[in-house]
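Labels below follow one simple rule: chain letters A, B, ... track the order of the sequence lines, proteins then strands, and each chain is numbered from 1.
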4 protein chains.
Amino acid sequence: MAHTPPPERTPSSPVTRRRDPQATRDRLVRSALELFTSQGYHSTTTPEIAQRAGVAEGTIYRHFDSKEHLLNEIYRAGVRLFAGAVRESPATLGCRERLEGIAAAWREVAARNPAIVRLVFVNRLASLLDQKSRDASREFRADVEKLIASGKAAGEVRPGSVDVWADVWLELVGLTLERIANREWTPEHAALQHVSDGAWRAIGVSAPASPPLPSATSPPDPAPPSPA
Amino acid sequence: MAHTPPPERTPSSPVTRRRDPQATRDRLVRSALELFTSQGYHSTTTPEIAQRAGVAEGTIYRHFDSKEHLLNEIYRAGVRLFAGAVRESPATLGCRERLEGIAAAWREVAARNPAIVRLVFVNRLASLLDQKSRDASREFRADVEKLIASGKAAGEVRPGSVDVWADVWLELVGLTLERIANREWTPEHAALQHVSDGAWRAIGVSAPASPPLPSATSPPDPAPPSPA
Amino acid sequence: MAHTPPPERTPSSPVTRRRDPQATRDRLVRSALELFTSQGYHSTTTPEIAQRAGVAEGTIYRHFDSKEHLLNEIYRAGVRLFAGAVRESPATLGCRERLEGIAAAWREVAARNPAIVRLVFVNRLASLLDQKSRDASREFRADVEKLIASGKAAGEVRPGSVDVWADVWLELVGLTLERIANREWTPEHAALQHVSDGAWRAIGVSAPASPPLPSATSPPDPAPPSPA
Amino acid sequence: MAHTPPPERTPSSPVTRRRDPQATRDRLVRSALELFTSQGYHSTTTPEIAQRAGVAEGTIYRHFDSKEHLLNEIYRAGVRLFAGAVRESPATLGCRERLEGIAAAWREVAARNPAIVRLVFVNRLASLLDQKSRDASREFRADVEKLIASGKAAGEVRPGSVDVWADVWLELVGLTLERIANREWTPEHAALQHVSDGAWRAIGVSAPASPPLPSATSPPDPAPPSPA
DNA sequence: TATGAATGAGTTTTCATTCAT
DNA sequence: TATGAATGAAAACTCATTCAT
């Protein structure tokens with residue numbers, strides 16, 4: 001009780017310790033992610049990334065082979081963040097419930113990591129992604145298609161190409177994530193339900209039958225620019 | 001014998017070759033559009049644009065202030081191409097009919113101008129657009145929202161923000177245009193109807209009532225991975 | 001007679017004409033050659049090359065793909081300069097006469113192009129040369145070996161590997177060219193004959209029999225540091 | 001029991017592992033020498049040197065002021081290795097015998113230390129050597145010239161500049177050392193005698209008189225391309 | 001004494017733009 | 001109006017060296 005414990009050497013110490021490589025790497029990732037998603041990859045320079053991370057330019061290259069490599073590592077981390085919810089979706093539920101569960105989980109991710117949404121769902125960086133990233137992206141997408149295919153097998157999804165319905169659903173969910181990332185909507189915003197319903201109505205057979213779940217937390221029509 | 005008559009300045013005159021400023025400008029626009037949409041703006045160099053247009057590097061700058069200016073001019077031309085169909089949509093029809101008419105017109109545009117689809121609907125070049133382009137884009141979008149708002153006033157569109165339904169509809173139509181631009185679908189492809197229906201089911205109230213239009217040109221379910 | 005002729009557009013006009021690409025290229029070659037041979041390849045920076053050539057940095061890259069490419073072009077030009085004398089050596093003469101003729105021609109080259117000697121005969125840039133350069137170098141060397149081989153077939157050259165005698169002869173002639181390049185000796189310096197004789201004595205059978213040609217232009221022993 | 005005896009500071013002590021500063025220094029020298037001579041000075045990075053020596057990057061700077069300093073220390077050690085044989089050459093012998101003795105000693109050195117040959121005899125690093133190294137090199141060279149000068153005084157060496165004959169002899173001996181360093185020849189290879197004879201024929205007066213020493217270990221003429 | 005993460009000046013290279021012709 | 005050689009600011013990346021631990 002009389003003595004102070006020696007300073008912890010734990011790498012994850014919250015104190016910004018200049019000589020903790022992992023911390024430096026994290027700062028670089030965060031900095032690059034923010035800049036890439038706000039300005040675009042090409043308009044972001046390596047000195048900018050370094051400056052925002054509070055390190056020297058050369059430090060980037062102790063942690064990443066190249067600017068492109070840095071982008072790819074961030075991209076794959078982003079995909080991993082979203083892919084988890086798909087893989088962990090309980091196969092016992094129906095297709096609609098599973099998709100809604102996944103979307104809900106994604107909303108939490110988006111609220112916590114706005115930038116990563118812009119990277120994974122919005123940006124078109126196809127030409128900048130390496131093989132590993134393309135594989136990760138393809139696997140993620142395949143998991144979603146598998147889920148929709150099973151829904152289709154169960155008669156829950158309308159006739160049409162699974163590939164196309166995956167596009168449709170991902171596009172519409174992406175729309176909501178984008179709004180959350182932009183802080184236009186919180187994950188509880190009523191409009192989310194509208195789009196969510198819409199996504200299912202677009203692809204599911206049972207949609208119209210189920211009445212839109214009444215949401216207690218928001219007015220039925222919060223749209224600002226709408227004259228109606 | 002002493003002098004050649006000066007070449008006619010009619011732009012479409014077959015005699016005027018190469019030295020017609022308008023023709024040069026057109027060649028530059030076409031060249032830049034193709035390169036921007038296939039390789040991206042940043043990966044396209046001005047010498048490349050000039051070479052593909054068959055002119056010297058400096059010539060670009062007799063017609064456009066800068067590479068960015070060139071992009072913006074092309075972008076606005078693209079928006080104009082799509083905006084026409086919205087403005088000309090007959091106000092006497094119902095909302096659904098109008099939207100389907102617009103989408104059909106856009107499909108024709110997309111089939112004829114694949115590159116411009118990629119520029120206007122797909123690419124994210126927000127940071128490269130100037131005020132004029134942003135205004136054009138906003139006006140285009142406002143026209144679509146107005147149409148949806150009127151549909152909502154008529155009870156044809158589900159409750160929800162007009163702004164959001166515009167997003168939803170544009171996103172899904174954009175999906176089909178992209179496929180057309182990529183030559184994955186012709187403008188008559190059956191799947192188009194699926195997505196089109198889906199778009200309306202997502203935003204319209206009457207959607208479920210109307211049975212999916214049977215399409216004679218394609219099997220009811222072309223999805224490869226689904227056995228059901 | 002009353003009028004001045006219009007300025008000649010001949011590319012080789014002695015007037016430094018800034019917009020003559022060939023002249024610019026020549027200035028770059030000369031500049032790079034001088035810097036590479038005086039400071040070494042790695043210690044020479046591209047801004048230095050440009051500055052000494054009186055052009056901007058970027059201009060280098062309008063004429064050469066890279067700094068390494070520039071080096072290789074210069075190297076091959078250098079090899080060409082020396083290879084000519086070997087190929088043009090009259091096959092009717094004896095081996096010794098031919099070698100001496102070649103060496104004499106090379107001396108003229110060295111007197112006119114001191115820097116190129118240092119590049120071709122002295123520097124070891126093996127690792128910087130591309131395939132084309134290595135081929136050129138090998139061909140040059142093969143021509144010399146062929147000549148020596150024919151001398152050997154005629155019984156003029158001592159037993160031993162042709163490859164080794166080529167090394168020996170080239171090394172010793174290179175020694176004299178270096179002195180000429182360094183302006184230590186003129187191409188007529190008496191010591192040249194000493195080394196030349198020595199080279200032949202080293203590799204030829206008849207050497208000792210022929211008395212050293214008396215040279216009228218220099219004392220028999222001009223060596224400064226020698227105490228004898 | 002309370003303390004371990006301090007490790008013996010004898011450099012060759014088998015107990016002292018890794019923490020003997022001299023051993024670390026030796027490892028660094030060896031590593032740098034191998035890398036410099038195989039890849040060149042400029043293509044070798046300090047992290048590479050450290051890694052091959054099995055130490056951390058910063059450790060180099062506990063033993064050497066800089067990369068250049070390291071090179072110079074190695075260079076001088078190399079010169080020392082060869083200089084010994086010159087200084088220890090018995091003044092009682094004739095010039096030719098002394099030179100041949102030195103060359104023979106050098107061959108042994110070269111066989112044992114191939115890398116150092118490439119550094120001292122082959123590489124051109126003039127611009128990287130400091131004053132001390134240049135002095136060492138000059139002294140070494142002066143010793144050789146003194147030896148040749150005495151031979152000249154004794155009438156054994158042909159007329160000509162001592163400086164030049166030193167060049168000639170060193171160049172040709174260097175040729176043989178290079179082959180030994182490259183493992184193309186063993187120190188007993190017959191061709192060595194050919195070149196050695198040639199070197200003396202080039203600079204000595206008596207050379208031609210003495211028939212080429214018959215070598216029992218090799219055919220009289222191993223040259224492949226020559227049929228004669 | 002040894003470590004190795006961090007540094008930042010310096011390097012090669014790119015390319016939108018200019019301007020003499 | 002068109003040309004295309006030249007420009008030079010800015011980019012990505014390297015690596016010898018430092019210094020907190």
Practice item. Would you mind reading off the distance between D/Gln22 atom CD and E/dA2 atom C1', rounded to a whole angstrom? Key: 16 Å
Check your understanding: When Watson-Crick pairs (N1 to N3 and N6-O4 or O6-N4) and G-U wobble pairs (N1-O2 and O6-N3) count only below 3.5 Å on both distances, what is the dot-bracket string of DNA chain E, with | for other-strand pairs?
Key -> .||||||||||||||||||||
Point to revise | Distance, rounded to the nearest Å, where D/Ile49 contributes CD1 and F/dC15 contributes P | key: 12 Å
**Study point:** Under 3.5 Å side-chain donor-acceptor pair for B/Asn72 and B/Glu68
**Key:** no
Review point. Would A/Arg27 and A/Asp20 count as a salt bridge (charged side-chain N to carboxylate O under 4.0 Å, His left out) if you check the C-alpha gap in whole Å, the side-chain angles of each, and the deciding distance to 0.1 Å?
Key: CA-CA 11 Å; A/Arg27 297 163 69 90; A/Asp20 175 353; over 6 Å; no
Exercise for review: Answer yes or no: is there a side-chain heavy-atom contact under 4.5 Å between C/Tyr41 and C/Lys67?
Suggested key: yes
Practice item. Check the pair D/Arg25 / D/Glu73 against salt bridge (charged side-chain N to carboxylate O under 4.0 Å, His left out), numbers first and verdict last. Key: CA-CA 11 Å; D/Arg25 194 188 158 96; D/Glu73 289 224 9; 2.3 Å; yes
Practice item. Quickly work out the B/Phe64 CZ to F/dA2 P distance and round it to whole Å. Key: 12 Å
Check your understanding: Whole Å only: how far is the NE2 atom of A/His69 from the P atom of F/dC13?
Key -> 12 Å
Check your understanding: Reckon A/His63 has a side-chain N or O less than 4.0 Å from the OP1 or OP2 of E/dA5?
Key -> no
Review point. Do C/Gln51 and C/Glu57 meet the criterion of a side-chain donor-acceptor pair at a distance under 3.5 Å?
Key: no
Point to revise | Value rounded to 0.5 Å, distance of CG in B/Leu125 from OG in B/Ser137 | key: 10.0 Å
Under 3.5 Å, which N/O atoms of the protein pair with N/O atoms of nucleotides 15-18 of chain E?
{"unit_1": "E/dA16", "atom_1": "OP1", "unit_2": "B/Lys67", "atom_2": "NZ", "d": "3.1"}
{"unit_1": "E/dA16", "atom_1": "OP2", "unit_2": "B/Thr46", "atom_2": "N", "d": "2.4"}
{"unit_1": "E/dA16", "atom_1": "OP2", "unit_2": "B/Thr46", "atom_2": "OG1", "d": "2.8"}
{"unit_1": "E/dT17", "atom_1": "OP2", "unit_2": "B/Tyr61", "atom_2": "OH", "d": "2.8"}
{"unit_1": "E/dT17", "atom_1": "OP2", "unit_2": "B/Lys67", "atom_2": "N", "d": "2.9"}
{"unit_1": "E/dT17", "atom_1": "O4", "unit_2": "B/Glu57", "atom_2": "OE1", "d": "3.4"}

Point to revise | Atom-pair distance (CG on A/Asp26; P on E/dA6), nearest Å | key: 11 Å
Revision key, fill the gap. Whole-Å distance, C/Leu28 CG to E/dT13 P, equals 14 Å
Study note, to complete from the structure: Rounded to whole Å, CD of D/Gln39 lies from P of F/dT14 at a distance of 16 Å
Study note, to complete from the structure: Rounded to the nearest 0.5 angstrom, the CZ-CZ distance for A/Arg30 and A/Arg52 is 11.0 Å
Point to revise | Under 3.5 Å: donor-acceptor pair, side chain of D/Glu48, backbone of D/Thr45 | key: yes
Exercise for review: To the nearest Å, give me how far apart CZ (C/Arg27) and C1' (F/dA6) are.
Suggested key: 13 Å
Review point. What pairs with A/His69 under ring-ring contact (aromatic ring centres under 6.0 Å, His included), at least two apart in sequence or on another chain?
Key: none
